[in-house]
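For reference, the structure discussed in these notes is given below.
Atoms within each ligand, like the ligands themselves, are counted from 1 in listed order.
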Amino acid sequence: MNLILLGPPGAGKGTQASMICNDFNLTHISTGDLLRNETKSSSDLGKEIKSIVDAGNLVSNEIILRILKNFISKNNDASGFLFDGFPRNAEQAGLLDQLMHEINFKLNAVIMLDVDKELLLNRILKRKEDEGRADDNEKVLENRLRVYFEETQPLIEVYQNENLLIKIDGEGEISQVNQRINASLRSL
Ligand code: ADP
């Protein structure tokens, strides 16, 4: 099984992604995590990525494709992937289609985590205290949300038209949200 986890910053994608991957034996691909790993290196590319991520903008599709292909080739024994934070715009959705075709995998569903905007802000500002991510401050967050609503949200309709969309209420306890996701995946 191959899945996309879609949702705004703060929707809980990372948390739910690990749980889904455990339950359904999928390999987690978080482009955000992969990019943050790159920024730990002091290479020019690492620095370039850091400045983009810290400003809450999207890294170029070329860089994303390169790190994705690299990750997939290192995990070529995976039974399926869960894409978290990718695709984030229409062009990336096309790249994912191509990528899946190349490795002969099929996309089974797109899980959209639905959370009220007010709650997103609260969750992220709390996360800043716990994790200290440079892009979790109020000003950058505003930009990340704007980028999400302008570029990523339109994908919801695209996947709905392809009959792949599963909309999940992302509010409530982590375990409740997880149960909602599991129930809909089991009935696929
Ligand atoms: P969140 O969903 O909470 O914003 P992520 O860890 O998914 O957190 O992403 C953090 C940042 O990494 C994004 O704001 C963006 O700068 C960069 N990023 C992650 N995934 C992508 C992607 N697919 N394309 C471009 N940039 C990305």
Return the residue, atom name and 0.1 Å-rounded distance of the protein heavy atom closest to [atom].
atom: atom 2 (O) of ligand 1; value: K13 NZ, 2.9 Å
atom: atom 26 (N) of ligand 1; value: V59 N, 3.1 Å
atom: atom 3 (O) of ligand 1; value: R144 NH2, 3.0 Å
atom: atom 9 (O) of ligand 1; value: R88 NH2, 3.3 Å
atom: atom 8 (O) of ligand 1; value: R133 NH2, 3.3 Å
atom: atom 20 (N) of ligand 1; value: T31 OG1, 2.8 Å
atom: atom 24 (N) of ligand 1; value: Q92 NE2, 2.8 Å

Exercise for the section: Please lay out, stage by stage, how R88 and I64 fare under the test side-chain contact (heavy atoms from CB on, under 4.5 Å). Expected result: CA-CA 10 Å; R88 257 177 153 89; I64 292 293; over 6 Å; no
So is there a nitrogen or oxygen of [X] less than 3.5 Å from a nitrogen or oxygen in ligand 1?
X: S30; result: no
X: D84; result: no
X: G85; result: yes
X: L35; result: no

Handout entry: Shared hydrophobic cluster, F105 / F83 (ILVMFWY, side-chain heavy atoms < 4.5 Å)
Key = yes
Handout entry: Trace of the side-chain contact (heavy atoms from CB on, under 4.5 Å) decision for V115 with R123
Key = CA-CA 10 Å; V115 174; R123 282 187 182 175; 3.9 Å; yes
Testing the basics here: between [X] and [Y], what is the closest heavy-atom pair and its distance to 0.1 Å?
X: L188; Y: A109; result: CD1-CB, 4.0 Å
X: H28; Y: A17; result: NE2-CB, 3.4 Å
X: V53; Y: D135; result: O-CB, 3.5 Å

Practice task
Any chance you could lay out the side-chain contact (heavy atoms from CB on, under 4.5 Å) test for L113 and I181, step after step, and finish with the verdict?
Solution key: CA-CA 9 Å; L113 278 182; I181 296 174; 4.1 Å; yes
Problem - Check ion pair R144-D136 (N to O, under 4.0 angstrom) - result: yes
Exercise for the section: Heavy-atom distances under 4.0 Å are what count here, so tell me which part of E91 touches ligand 1: side chain, backbone, both or neither. Expected result: neither
Problem - Element-labelled atoms of ligand 1 that are located less than 4.0 Å from some non-hydrogen atom of F86 - result: 23 (N)
Practice task
Run the numbers for me: atoms of ligand 1, each under 4.0 Å from some heavy atom of R36, listed by number.
Solution key: 6 (O), 10 (C)
Completion exercise
Looking at I64, N57, V53, L95, the heavy atom closest to atom 22 (C) of ligand 1 belongs to I64
Practice task
Check if R123 has a non-hydrogen atom at a distance under 4.0 Å from any atom of ligand 1.
Solution key: no
Practice task
Pick out which of L65, N2, I4, L68 makes a side-chain contact (heavy atoms from CB on, under 4.5 Å) with L96.
Solution key: I4
Practice task
Please identify each residue that fulfils salt bridge (charged side-chain N to carboxylate O under 4.0 Å, His left out) with K69, with sequence neighbours left out.
Solution key: E102
